[in-house]
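Protein chains get the first letters and strands the later ones, always in sequence-line order, with residue 1 at the start of each.
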Amino acid sequence: MTDLNEPQRIAVAHESGPLLIFAGAGSGKTRTITYRIANLLATHRIAPYRILAVTFTNKAAQEMRHRLTSIVGEEIGRDLWIGTFHGTCAKLLRRHYEAAGLTSSFIIYDDADQKAVVNRLLRDLGLDDKQYAPKYVLSLIGAAKRDGIDPSETPLGDGFDRNLVKLGEEYQAVLKRSNAVDFDDLLLRVLRIVEDPDGPAGRELRRKFDHVMVDEFQDTNMVQYRIVRALSASTRNLCVVGDDDQSIYRWRGADVRIIRGFRTDFPETRIVKLEQNYRSTANIVSAALGVIARTSYREPKELWTAEPAGEPVVVRAVNDERAEASFVASTIQRSRQNGADPRSQAIFYRIHAQSRVLEEALRGAAIPYQIIGGMKFFERAEVKDMLSYLRLIENPQSDTDLMRVINVPARGIGGKTVSRLLDLAAENTNSLIVALEMALADSQFSGSANKKLKSFFDLLNDLRVAKESLTPAELLERILEQTGYRSLLEKDDTAESDARLENLAELVGSLREYEAEAPDTGEALTLAGYLERVALVAAVDTMEDAPAVSLMTVHSAKGLEFDQVWLTGMEEETFPYRGLDGEDPEELDEERRLAYVAITRARKQLFITHAGARFLFGRTKYLSPSRFLDDLPPEAVRREGEVTPRQSYLGGSSWGGASRGSSGRASPAWRSGYTPGGRNPGWDQTSQASAGGRVAQASLQLEPGERFVEREEGSDEAHVDADFDVSDGREPIVVRPGQKVRHKKFGRGIVERVESGTTPTVVARFPGYGPKRIVAEFLEFE
DNA sequence: TACAAGCGCCTTTTT
DNA sequence: GGCGCTTGTA
């Protein structure tokens, strides 16, 4: 511990009472917490199972446990309580399910499950899903729960809309019947238990831990805070670590005022500030400080570094997202040739939708990469089907899961039958499985429907019996066989079914992995344990230690660090992202903090790119550089490239605006602080055009529905090279041999021949299918 | 009842 | 661009 600086040493040694650590980016926070726990164990002889450390992701938890294990040994490391808020609460709830009105086999509903519940309620209650959009309903329910309010007890929506109140109540009722909890319930249930002065479970929990520690405390919400406060009420040994500058989850209910107000709740708290950054070069630190300095309120603190200036931060202007991607790919390529480790390279973007073009460029340059988050493995249909079977076997009352698989694979139970079953369940407020059992008992359905339902019911029972004697992975294999799911895919010998089979194999693999790993954390090997783990994985948890560049959103990057970082899409509207009500100054502050987080991830080199135009969500938008770029200190930065004028003629911010060619679109209000006239000539044009909202030049004006042919890479002359112009008068498409295309069924292919005629047709070759003649409009051109 | 195609919708960040 | 739902047809 001799390598610690003074504030770090104080934080480690502080052994009782509340402690608030403001830990700046790169200030050795993880090391400090780890040593602190090791110190509690070794010097103060605290029992490991009486220490709770809450981390932000499972990955962080894993790393912390790993580090501690290497210091204090495996046996002690295993007994420590280290996990995320949700993971920890799930674990506590597994022990005290009765106090929460659940059975031991309760399951966790994710967003998709929640949505399914609301949709079913809208159907049952005969409500309009436009007026009561599931997303909106769920956001109200979630907001209430994060305020500690259970919608089944306290009416939702300020007592105005009866239907909303009803939806809130019924939603909770369905979850209860399903023996399920959603993410917010997980926390709320534990809060109720731990704040209950009389219940035995609450009394037990309040005595359970000698020390409670919370990392990333700036991103906790009120319920989470109340939980840890209650858990540490008797000892007041609550140590919280965070950085208000890195608070980026306000939209999820996190409240930065909690960390700022901590000393009010705990007046005797000791405050430690870790302000020396050990991670980044001086140039990167000063770039970060430049951006964060303009936030409206910050806890006073001074991040500094003793590191040398290092390379300047490169700010690169490019024409569009393709040029951006090829810049990123080529600079990565170059550093790879200079021996850079791809593990320590990362590309960040504000939203997932930006990743596709980057991926393509990397693939084209043969650079190995991994994507963190985005379309997740566990969201694929076949994987969800199997998880539904597993969950249904664990917890037959889960209606959402029963609905999902009752006719998967197709077993002749159609919409009419299901609808009738739903009605039967609703009449007696039963879960579907109970309704089904009752209906079978007194033959409510006609001969054939009855038979099919019976065989489905029997199938589930068989599988439940099988569960007792099989490991989770074996059980999944059994499901794949017995439901006929696998043989169906095998029969359908297409590229798509092959991919699905592969995914299922991977799912079996993931179960096996669980079986192998569960003992490490002292976990009992159960199906419920696996399902819980699946429900609570975060995007970054899937990050592998492979020799590959990582691509992720800035949110996912929190807590990570890389030698080289490419921060893409630094334009107005992209970053800061133009939200639905983009005028909220608090939201702009949060975007600023998000940019700060992004910049401070870089150790040695930071490349920032911004494009003059970006094709996103099916539209080209013309964009000016992000205001955050104006806040970078010039001496730390090297500006490169420019946006060529052609790209900036259209001007104007254009969520659909530019294609109308109108000048009437006002700049968003929060843009008014932006001053045109930057240092780079390329910017001037863009920002002036944008600020003035000039009328688009006539020759480039587009009618609605029209768009230009996508350029071939590095060429403006696709028109000239074209062998054939497939055009329906509204959307010109250019096709020529060698062009890559995609078909819904055949997948990716290459055009061999183009045929003219009344309907434009091409002959394309698809791997695995051979050549096919296809009407052009059924193809996607890449 | 099952499947395929078409249409209309939305489009941040995630435990 | 992509998805989920609805519609139309075998």
Rounded to whole angstrom units, what separation is found between the [atom1] atom of [X] and the [atom2] atom of [N]?
| X | N | atom1 | atom2 | value |
| --- | --- | --- | --- | --- |
| A/K621 | B/dT11 | NZ | C1' | 10 Å |
| A/Q354 | B/dT12 | CD | C1' | 10 Å |
| A/K115 | C/dC5 | NZ | C1' | 10 Å |
| A/L588 | B/dT12 | CG | C1' | 15 Å |
| A/L358 | C/dG1 | CG | P | 14 Å |
| A/Y349 | B/dT14 | OH | P | 9 Å |
| A/D111 | B/dT15 | CG | C1' | 9 Å |
| A/R614 | C/dG1 | CZ | C1' | 15 Å |

| message | Under the rule for side-chain contact (heavy atoms from CB on, under 4.5 Å), what residues qualify as partners of A/T417, not counting sequence neighbours? | response | A/I413, A/F445, A/A449, A/L453
| message | Going by side-chain contact (heavy atoms from CB on, under 4.5 Å), name the residues that satisfy it together with A/Q62, two or more places apart in sequence or in a different chain. | response | none
Distance check: side-chain N/O of [X] vs OP1/OP2 of [N], anything under 4.0 Å?
| X | N | answer |
| --- | --- | --- |
| A/H352 | B/dT14 | yes |
| A/S556 | B/dT13 | no |
| A/N119 | C/dG4 | no |

Within the structure shown, what part of the strands sits under 4.0 Å from [X] by heavy-atom distance: base, sugar-phosphate, or nothing?
| X | answer |
| --- | --- |
| A/D182 | nothing |
| A/D110 | nothing |
| A/G87 | nothing |
| A/Y249 | sugar-phosphate |
| A/K452 | nothing |
| A/R350 | base |

Among the candidates [options], find the nucleotide nearest to the side-chain atoms of [X].
| X | options | value |
| --- | --- | --- |
| A/K135 | B/dT11, B/dT15, C/dG1 | B/dT11 |
| A/F183 | B/dT15, B/dT14, C/dG2 | B/dT15 |
| A/T553 | B/dT14, C/dG1, B/dT12 | B/dT14 |

| Whether A/W251 stacks on the six-membered ring of B/dT13 base, 5.5 Å and 30° limits | yes
| Charged N to carboxylate O under 4.0 angstrom, A/E591 versus A/R350? | yes
| field | Sidechain N-carboxylate O distance under 4.0 Å for A/E532, A/K91 | value | no
| field | Contact nearer the 5' end of DNA chain B, comparing A/L594 with A/T417 | value | A/T417
| field | A/N407 vs A/H86, nearer the 5' end of DNA chain B by closest nucleotide | value | A/N407
| Is NZ or CZ of A/R120 both nearer than 6.0 Å to the six-membered ring centre of A/Y171 and within 45° of the ring axis? | no
| query | Do A/Q218 and A/R250 touch side chain to side chain, with heavy atoms closer than 4.5 Å? | reply | no
| query | What integer number of Å spans the C1' atoms of B/dT12 and C/dC5? | reply | 24 Å
